[in-house]
Amino acid sequence: MAQFQTLPGFREFYPEETARRNHLFRLWRQAAVAANFLEYDGPVLEPLELYKAKSGEEIEQQLFSFEDKGGRAVSLRPEMTPTLCRMVGERAGAMRRPIKWFNIGEHYRYERAQKGRLRAFFQFNADLLGEAGPEAEVELIALLISCIAATGLTERDFFIRLSDRNLWFFYLQAIGYTEAQVPDVLGTIDRLEKQGDDAFKFFEEKHGPLAPEKRAEIASFTKINSLAALEERLAPVTAAGGAAAEALAARLADWRTLLGGLEAMGYGAFIQVDLGVVRGLAYYTGFVFEAFDRSGEFRAIAGGGRYNNLVKKLGGPDLPAAGFAIGDVVITEMLKSKNLLPEIVSAPDIFCIIGGPAERKVALADIRELRAAGYRVEYPLKDAGFGKQFKQADQNRARLAIIYGGDELARGAVKMKLLADATEREIRRDHLLQAVGELLGKE
RNA sequence: GCGGCCAUAGCUCAGUUGGUUAGAGCACAAGAUUGUGGAUCUUGGGGUCGCGGGUUCAAAUCCCGUUGGCCGCCCCA
């Protein structure tokens, strides 16, 4: 039995789990369609180069990559974004803006499996391309929140941490950091939460020591947690004038648009300004956001941001873009811990109870009709006593039993019994579909 | 890639200082019940004790290795 185990980090989905997964996907799909995002799909296997081009050579050790029989270097997809960028890039010239697309698919990463992180997982991806303004982020973050809220989680359970790599960029330049230093300051900030003061070594190893007041200046900026605090902090900087100050002032206007839009949609309670978030790999170019549970018990539920350079980098036109992904693993763990996993009943509408071999022939003919009419119909494959068959009908949680007994059939009739209240009536077989429709309600 | 804990039936778990043929509950199946129900009772199927090696007269139990799981570090697109 244990001779063949599943590969590490891969899951099997038994029917109950598959039903739950499909339910989650259905909620996500409904939310995306309601926001008029279009569903697309792409290959599971891609040229290895596609991912190296996006993320660099080092990414290969985290990929399910191999050489195919034609000698091509290939990889299972670790994410959807490069495929999306290629697809949109190919036809961007012919596409109406904004481009709003989503996908639900399985992704593969060769990493050590842990709580909330597996080697094969499903992701909901949504992206909005062709709009550079913060109105795009309003759409995306609104969709993100509605996708998570559709599962039953509320603003008491999760929130969105919102930050902005552009703001950091303009701010750091305004207070004197060079363009070359900025990425390493951002790298430091990303480490600050976990490593504390040690995080500054990341910057200092390349650019020399930072005075304590410089450290404090950065650290305190990561603590900004509201638009008001941000405006207050930046007031003296923007007042000083210059290119960086002007860029900062324009960026503050974007912030007002974004937060105002989300507020107007009623999502204000979900948003937490948190400039300590800059997100790992550095292709994000503007707003970045992550969804977390409020208890802090789980990994990030979802993450995303703006990536204006990526479509061009992957060979397409210069197209502004932003997007996010929600994984299935963390949110499922969270729903489980909060008892929000739905009990999905998978039951037939009708269970046929069959008297014997002669009655079976009649029943089989009707079963075909009922199934063709869209009913979900089950029956015992082997002859058995009536008591046993009713038991099976119960265990199947069927709503209606149709009884094929010799006496009734001799009269050209069958009996129907609603299992819930045990009411029984005899129906002429030539009125079968009509009677079933009345008893079960029209499909 | 590194470290800690764990692995007995489909599931949850017992299994004494190493000692005959490894158990329970749930689940599954058959019967009680040959035309009427999720109950009850009886019975049954199901195990390479993760896998491989070692110690021993004797290993689920002790030792080594290995695979897998969980947890943490690195990473997290």
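In what follows, chains carry the letters A, B, and so on, assigned in the order in which the sequence lines appear, proteins first and then strands, with residues in each chain numbered from 1.
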Tell me the salt bridge (Lys or Arg N to Asp or Glu O under 4.0 Å) pairs involving [range], sequence neighbours left out?
| range | answer |
| --- | --- |
| residues 362-372 of chain A | A:Asp366-A:Arg429 |
| residues 376-387 of chain A | A:Arg360-A:Asp383 |
| residues 21-31 of chain A | A:Arg29-A:Glu39 |
| residues 115-138 of chain A | A:Glu111-A:Arg117, A:Glu137-A:Arg306 |

What distance separates A:Asn225 CG from A:Leu275 CG, expressed to the nearest 0.5 Å?
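So the CG of A:Asn225 and the CG of A:Leu275 are separated by 9.0 Å.
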Using atom [atom1] of [X] as one end and atom [atom2] of [N] as the other, report the distance to the nearest whole Å.
| X | N | atom1 | atom2 | result |
| --- | --- | --- | --- | --- |
| A:Gln123 | B:C76 | CD | C1' | 11 Å |
| A:Arg306 | B:A77 | CZ | P | 18 Å |
| A:Phe202 | B:C75 | CZ | C1' | 13 Å |
| A:Arg11 | B:G69 | CZ | P | 13 Å |
| A:Tyr283 | B:C76 | OH | C1' | 11 Å |
| A:Arg191 | B:C73 | CZ | C1' | 14 Å |
| A:Gln62 | B:G1 | CD | C1' | 11 Å |
| A:Leu76 | B:A77 | CG | P | 19 Å |

Distance-only donor-acceptor check, side chains A:Gln272 and A:Asp274, under 3.5 Å:
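The answer is no; no qualifying pair exists.
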With a 3.5 Å cut-off and no angle check, do the side chains of A:Thr83 and A:Glu46 form a donor-acceptor pair?
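A pair is found: one side chain offers a donor N or O, the other an acceptor, under 3.5 Å apart.
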Gap in Å between the two [atom1] atoms, one belonging to [N] and one to [M], rounded:
| N | M | atom1 | answer |
| --- | --- | --- | --- |
| B:C71 | B:U66 | P | 23 Å |
| B:A58 | B:C41 | C1' | 41 Å |
| B:U8 | B:U61 | P | 13 Å |
| B:G38 | B:C13 | C1' | 26 Å |
| B:A9 | B:G23 | P | 14 Å |
| B:C74 | B:G18 | P | 42 Å |
| B:C62 | B:G44 | C1' | 37 Å |
| B:G10 | B:G50 | P | 12 Å |

By the 4.0 Å heavy-atom rule, please label A:Gly323 as base, sugar-phosphate, or nothing.
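Answer is nothing: A:Gly323 stays at 4.0 Å or more from every strand.
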What is the nucleic acid contact for A:Pro8, judged by heavy atoms within less than 4.0 Å: base, sugar-phosphate only, or nothing?
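A:Pro8: backbone/sugar contact only, no base atoms under 4.0 Å.
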Counting primed atoms, P, OP1 and OP2 as sugar-phosphate and everything else as base, the B/S/- map of nucleotides 26-38 of chain B against protein heavy atoms under 4.0 Å is ----SS---BBBB
Expected output is a numbered-order residue list: members of residues 109-116 of chain A with a heavy atom under 4.0 Å from any atom of RNA chain B. What is it?
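Nucleic-acid contacts, sorted: A:Arg109, A:Glu111, A:Arg112, A:Gln114, A:Lys115.
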Qualifying ring pair (Phe, Tyr, Trp, His ring centres under 6.0 Å) pairs, either residue in residues 31-60 of chain A, two or more places apart:
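For residues 31-60 of chain A, and leaving out neighbouring residues, the ring pair (Phe, Tyr, Trp, His ring centres under 6.0 Å) pairs sorted by first residue read A:Tyr40-A:Trp101.
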Base-paired stems in RNA chain B, each at least three Watson-Crick or G-U pairs under 3.5 Å
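So far as stems of 3 or more pairs are concerned, RNA chain B shows B:1-7 with B:67-73, B:10-13 with B:23-26, B:28-32 with B:40-44, B:50-54 with B:62-66.
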Does A:Lys214 qualify as a cation-pi partner of A:Tyr177, given the criterion of NZ or CZ under 6.0 Å from the six-membered ring centre and within 45 degrees of its axis?
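Here A:Lys214 passes the 6.0 Å and 45° test against A:Tyr177.
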Could you tell me if A:Arg191 sits above the aromatic ring of A:Phe202, with its cationic atom closer than 6.0 Å to the ring centre and no more than 45 degrees from the axis?
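The answer is yes, since A:Arg191 meets both limits relative to A:Phe202.
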Among A:Phe292, A:Phe270, A:Phe298, A:Tyr267, whose ring pair (Phe, Tyr, Trp, His ring centres under 6.0 Å) with A:Phe158 holds?
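The ring pair (Phe, Tyr, Trp, His ring centres under 6.0 Å) with A:Phe158 is passed solely by A:Phe270 among A:Phe292, A:Phe270, A:Phe298, A:Tyr267.
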Once ring pair (Phe, Tyr, Trp, His ring centres under 6.0 Å) is applied, do any residues pair with A:His207, and if so which ones, sequence neighbours excluded?
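With sequence neighbours excluded, A:His207 shows a ring pair (Phe, Tyr, Trp, His ring centres under 6.0 Å) to A:Phe203, given in chain and number order.
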Produce the list of close N/O pairs, under 3.5 Å, pairing protein atoms with atoms of nucleotides 43-46 of chain B; give distances to one decimal.
none

Residues in side chain to side chain donor-acceptor pair (under 3.5 Å) contact with A:Arg428, at least two apart in sequence or another chain
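So A:Arg428 forms a side chain to side chain donor-acceptor pair (under 3.5 Å) with A:Asp430.
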Going by the side chain to side chain donor-acceptor pair (under 3.5 Å) test, which pairs reach into residues 319-336 of chain A, not counting sequence neighbours?
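Sorted result for residues 319-336 of chain A: A:Arg11-A:Asp328.
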So that I know where these two stand, are A:Tyr379 and A:Tyr404 an aromatic pair - ring centroids less than 6.0 Å apart?
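No, the ring centres sit 6.0 Å or more apart.
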